[in-house]
Amino acid sequence: MSAVNITNVTVLGNPSSFLNPFQFEISYECLTPLKDDLEWKLVYVGSAEDETYDQVLESVLVGPVNVGSYRFVLEADPPDSSKIQEEDIIGVTVLLLTCSYMGQEFVRVGYYVNNDYDDEQLKEEPPLRVLIDRIQRNILADKPRVTKFPINFHPGNNECGEQSPLVPDQTTETALTEEEPPASPDKVGTDILSN
């Protein structure tokens, strides 16, 4: 059983211009007091084939966390388009919201993101060079893929029956459609794109 559960994530300002900041309202509950901070990250997957194009858009520490319910807005700058191959800017990609405790990721929420021109004529006859200021992003907020990883929230307390450290085949994945087995923790960003 996890010490922290995400109860809701709301994507704010969606759809939006590619150049606008991302905003996520995150609600979560803590079931046991935690001594250290939770680390929340937002990662933009720049290429399905090469993770070197992934960009950490924001990383924030929240805590220490006591028992209770919490809510905050995570805001992040858009990805740097100069660090994305031009052929990967238009089309579908993935945005990952992760949370870690003491360097151990325990939950990952993946969203498909569709980037396309805001004008029908540009969609039908795309220019040779991408016009970044004319791209609209649409996060498919109603279809997140949630993957949970078991971690030890209280190292040194294993004699009390606490969770064991992460074992790769113990991940659980939930989604609105569960037709596939869970992806490995290091491949969710690329696996979600290959569907």
Side-chain angles (χ1 to χ4, degrees), residues 1-16 19-46 51 54-80 83 93-113 137 139-158 160-168 170-176 182-189 192:
M1 182 165 141
S2 180
V4 177
N5 295 313
I6 295 177
T7 56
N8 191 46
V9 178
T10 303
V11 180
L12 305 174
N14 186 50
S16 181
L19 299 173
N20 285 349
F22 290 95
Q23 291 185 324
F24 290 84
E25 183 179 78
I26 302 166
S27 301
Y28 65 97
E29 62 182 359
C30 184
L31 306 176
T32 182
L34 301 175
K35 294 177 186 174
D36 289 332
D37 296 338
L38 295 173
E39 181 181 20
W40 296 88
K41 280 186 189 176
L42 192 61
V43 178
Y44 185 88
V45 176
E51 66 185 41
D54 292 359
Q55 296 180 46
V56 175
L57 303 179
E58 186 61 84
S59 176
V60 296
L61 298 175
V62 177
V65 183
N66 293 312
V67 173
S69 296
Y70 298 88
R71 181 173 52 201
F72 71 100
V73 174
L74 176 65
E75 186 170 316
D77 288 333
D80 181 346
K83 295 180 180 177
T93 189
V94 172
L95 194 62
L96 300 172
L97 173 66
T98 68
C99 191
S100 301
Y101 182 68
M102 297 179 69
Q104 304 171 86
E105 182 179 326
F106 64 90
V107 68
R108 180 180 296 181
V109 183
Y111 294 94
Y112 287 111
V113 180
R137 70 163 183 257
I139 301 169
L140 303 181
D142 60 337
K143 298 186 184 209
R145 181 174 303 264
V146 180
T147 307
K148 298 177 182 180
F149 310 104
I151 68 166
N152 187 348
F153 280 94
H154 300 288
N157 289 345
N158 279 342
C160 298
E162 294 293 327
Q163 294 172 320
S164 61
L166 176 66
V167 177
Q170 289 183 335
T171 61
T172 57
E173 185 172 304
T174 58
L176 293 179
S184 66
D186 59 339
K187 295 292 183 190
V188 170
I192 198 169

Novice: For S100, enumerate each residue passing the side-chain hydrogen bond (donor to acceptor under 3.5 Å, both in side chains) test, keeping only those at least two apart in sequence or located in another chain.
Specialist: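 Partners of S100 by the side-chain hydrogen bond (donor to acceptor under 3.5 Å, both in side chains) criterion come out as none, since no residue qualifies.
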
Novice: Does the pair W40 and F24 meet the rule for a ring pair (Phe, Tyr, Trp, His ring centres under 6.0 Å), with working shown?
Specialist: CA-CA 11 Å; W40 296 88; F24 290 84; over 10 Å; no

Novice: What pair of heavy atoms forms the shortest contact from T93 to G46, and how long is it?
Specialist: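 Heavy-atom minimum between the residues: OG1-N, 4.5 Å.
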
Novice: Would D54 and L96 satisfy side-chain contact (heavy atoms from CB on, under 4.5 Å), going step by step from the backbone distance to the final call?
Specialist: CA-CA 10 Å; D54 292 359; L96 300 172; 5.8 Å; no

Novice: Looking at every non-hydrogen atom in both residues, tell me the closest pair between V56 and S59 and how far apart they are.
Specialist: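 So the minimum-distance heavy-atom pair works out to CG1-CB, 4.4 Å.
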
Novice: Residues two or more places apart in sequence or in another chain: which of them pass side-chain hydrogen bond (donor to acceptor under 3.5 Å, both in side chains) with T10?
Specialist: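 Result, side-chain hydrogen bond (donor to acceptor under 3.5 Å, both in side chains) vs T10: N8.
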
Novice: Quick one: closest heavy-atom pair of L95 and V113, and the distance?
Specialist: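 Scanning both residues, the minimum pair turns out to be CB-CG2, 3.7 Å.
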
Novice: With no hydrogens and no angle check, is any side-chain donor or acceptor of S27 less than 3.5 Å from a backbone partner on T7?
Specialist: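 No, S27 side chain to T7 backbone: no donor-acceptor pair under 3.5 Å.
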
Novice: From N20 CG over to L12 CG, what is the distance, rounded to the nearest 0.5 angstrom?
Specialist: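 One gets 12.5 Å once the value is rounded to the nearest 0.5 Å.
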
Novice: Does anything in residues 65-79 form a side-chain hydrogen bond (donor to acceptor under 3.5 Å, both in side chains)? List the pairs, not counting sequence neighbours.
Specialist: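 Every side-chain hydrogen bond (donor to acceptor under 3.5 Å, both in side chains) pair that includes a residue of residues 65-79, provided the two are not neighbours, is Q23-E75.
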
Novice: State which residues pass side-chain hydrogen bond (donor to acceptor under 3.5 Å, both in side chains) with E29; sequence neighbours excluded, sorted by chain then number.
Specialist: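 E29: side-chain hydrogen bond (donor to acceptor under 3.5 Å, both in side chains) contacts with N5.
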
Novice: Taking side chain as C-beta onward, heavy atoms only, is I6 less than 4.5 Å from V109?
Specialist: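 I6 vs V109: side chains touch.
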
Novice: Less than 3.5 Å apart, which donor and acceptor atoms pair up between the side chains of residues 31-38 and the rest of the protein, not counting sequence neighbours?
Specialist:
none

Novice: To the nearest 0.5 Å, how far apart are CD in Q104 and CZ in F149?
Specialist: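 Separation between the atoms: 12.0 Å.
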
Novice: List the steps, then state whether side-chain contact (heavy atoms from CB on, under 4.5 Å) holds for R137 with F22.
Specialist: CA-CA 10 Å; R137 70 163 183 257; F22 290 95; 3.2 Å; yes

Novice: Mind listing the closest non-hydrogen atom pair of Y111 and I139 along with its distance?
Specialist: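 Of all heavy-atom pairs spanning Y111 and I139, the closest is CB-CG2, 3.7 Å.
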
Novice: List for me each residue that meets ring pair (Phe, Tyr, Trp, His ring centres under 6.0 Å) alongside F106, sequence neighbours excluded, and say none if there are none.
Specialist: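 Per chain and number, F106 pairs via ring pair (Phe, Tyr, Trp, His ring centres under 6.0 Å) with F153.
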
Novice: Please identify which of these residues, V62, I26, V107, meets the side chain to side chain contact (heavy atoms under 4.5 Å, CB included) condition with C99.
Specialist: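 Of all the options given, the one that passes is V107.
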
Novice: For a side-chain contact (heavy atoms from CB on, under 4.5 Å) check, start with the C-alpha distance between Y101 and V65, then their side-chain angles and the critical distance, and finish with the verdict.
Specialist: CA-CA 11 Å; Y101 182 68; V65 183; over 6 Å; no

Novice: Could you tell me the separation between the CD atom of E39 and the CD atom of E105, rounded to the nearest 0.5 Å?
Specialist: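 It comes to 9.5 Å.
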
